[in-house]
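Before any comments, here is the structure.
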Amino acid sequence: MPISPPPGRWHDVARATGLLAPDGAVAQTIFAEMTALAARTGAINLGQGFPDVDGPDYVKEAAKAAIDAGRNQYGPGDGAPELRRAIADHQHRHYGLDVDPDGEVLVTTGATEALAASILALAGPGDEVVTLEPYYDSHAASIALAGATHVPVPLTAGDLRLDAAALRAAVGPRTRLIVLNTPHNPTGTVLTRAELEQVAAIAREADVVVLTDEVYEHLTFDDAVHVPIATLPGMAERTLTVSSSGKTFSLTGWKIGWVHGPAELVTAVRTVKQFLTYVSGTPFQPAIARALADDETPRALAASLSSRRDLLCEGLTAAGFDVVVPQGTYFVVADGGHLLDRLGAADGHELCRRLPDLAGVVGVPVSAFCRAGSATSEALATRVRFTFVKREDVLRDAVERLHGLAH
Ligand code: PMP
Ligand code: GLN
């Protein structure tokens, strides 16, 4: 006899992230689905964003040394002191932000926990949380976990940028948080200072907190400059800034992230975070503290990612996709609209399911970053996100395979 699914808020999470099928079946995240598809078919995995080359040896050695030195038990609740100091130094060196490592910084289990704890701390039933759309899936999941209402604001359809008028219209008396993400996953859009000033003005007028996800802060290309919204006038006191070492140092499995902001907001987040994981990653924290003093590793990664972006964008264009060239992140969004008919796929999701057979490559549909059935989801239904955080030889192979789609 089939066991009926247990009640609980997990239904809301599954629904909010598009993982609940009409027949009640529950899927894993799109990243897990597509990575499993790649593993099953032997296709090149340009779906889930993780590098195929690890971060620097000296950082790995530092973690091993910390294990050998006996840093293997629970650490301080806010995170290792040297890591909190390194985060504050990093924010000052790069952005001129003054952050007190004692009370204004909280080390978390990846950016994911920082985001979840922040949303759970500050929003609940009856509250609204505004995000851009498309959005990173965990943002929607955390809003659902909090029991709050998610109000997505579409990026402009053509060039995938902020629509400030739509944001202004979406923010109202029930808005508790505006969740930003720049550089933006999945589009690679890097919000300009002018765009961020518009967001800041809206946040100040409505007196809402901004929660900004900046995990790709160092991965920008060409002339794009990452501007933390906390650096804009009147914003430091109403902003929680989240980042993580995963992307910056190519150590996505270590899950060392952080959040910083004014002490009252960080206290609220800490209150929740300590009951999610308490603490985590004790020996990784001193290693990341060392890494954060190193500006050369992320600079070199951004430079090499920029040429790998060009390689993939050219290859996708040659294969018949229309690409919006990303200014940051690991990802490019490619429109497969011209290919779908000939390939017999109804939309980007179906194209992704068939790409391993058609071309031996895996991507993820942009609709997975949209609310099911939303206008944005429809507008972006033919778009697929591909990652270029793979070795150049792997990307060349992928591009060659994709070229077959053009004929
Ligand atoms: N935010 C965004 C926009 C991401 O793309 C990711 C995935 N790396 C995360 C948060 C999660 O980061 P972490 O692995 O540090 O939890
Ligand atoms: N952030 C990564 C991506 O967008 C994957 C993280 C995950 O699998 N949840 O591809």
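Every number for a ligand or one of its atoms is a count from 1 in the order of the listing.
Note on ligand 2: Phe331 sits in its first shell, one or more heavy atoms being nearer than 4.0 Å. Within the 4.0 Å heavy-atom cutoff, Asn185 counts among the residues contacting ligand 2.
Between Thr252 and ligand 1, no pair of N/O atoms sits closer than 3.5 Å. At under 3.5 Å, not a single nitrogen or oxygen of Tyr136, backbone or side chain, sits near a nitrogen or oxygen of ligand 1. Some N or O of Gly49 is nearer than 3.5 Å to an N or O of ligand 2, by distance alone. By the 3.5 Å distance cut-off applied to N or O atoms, Tyr216 is counted among the residues near ligand 1. Taking distance alone, with nitrogen or oxygen atoms compared against 3.5 Å, Arg385 approaches ligand 2 more closely than that limit.
For the pair Lys273 and Tyr278, the cation does not sit on the ring face, since its NZ or CZ is not both under 6.0 Å from the ring centre and inside 45° of the axis.
Looking from atom 12 (O) of ligand 1 to the surrounding protein, the closest heavy atom is Ala111 CB, 3.6 Å. At the shortest separation from atom 6 (C) of ligand 2 among protein heavy atoms lies Tyr136 OH, 3.3 Å. Taking atom 15 (O) of ligand 1 as the reference point, the nearest protein heavy-atom neighbour is Ser244 OG, 2.7 Å. Atom 7 (C) of ligand 2 has its closest protein heavy atom at Phe31 CD1, 3.5 Å.
A side-chain donor from one of Arg353 and His349 sits under 3.5 Å from a side-chain acceptor of the other.
In this structure, CG on Asp347 lies 13.5 Å from CZ on Arg383, to the nearest 0.5 angstrom. One finds the CD1 atom of Ile202 at 10.5 Å from the OG1 atom of Thr175 (value rounded to the nearest 0.5 Å).
With ligand atoms numbered from 1 in the order given, ligand 1 contributes 3 (C) to contacts under 4.0 Å with heavy atoms of Asn181. The distance from ligand 2 to the heavy atoms of Gln48 drops below 4.0 Å at these ligand atoms: 5 (C), 7 (C), 8 (O), 10 (O). Ligand 2 places these atoms under 4.0 Å from at least one heavy atom of Lys247: 1 (N).
The aromatic rings of Tyr136 and His139 stand perpendicular to each other, their planes meeting at an angle above 60°, with 30° marking the opposite boundary.
Residue contacts with ligand 1 for Thr112 involve both N, CA, C or O and side-chain atoms from C-beta outward (heavy atoms, distance under 4.0 Å). Residue Thr112 does not touch ligand 2, judged by heavy-atom distances below 4.0 Å. When heavy-atom distances to ligand 1 are checked against a 4.0 Å cut-off, Lys247 comes that close only through its side chain, counted from C-beta outward.
Between Phe321 and Phe386, the distance from one ring center to the other falls under 6.0 angstrom.
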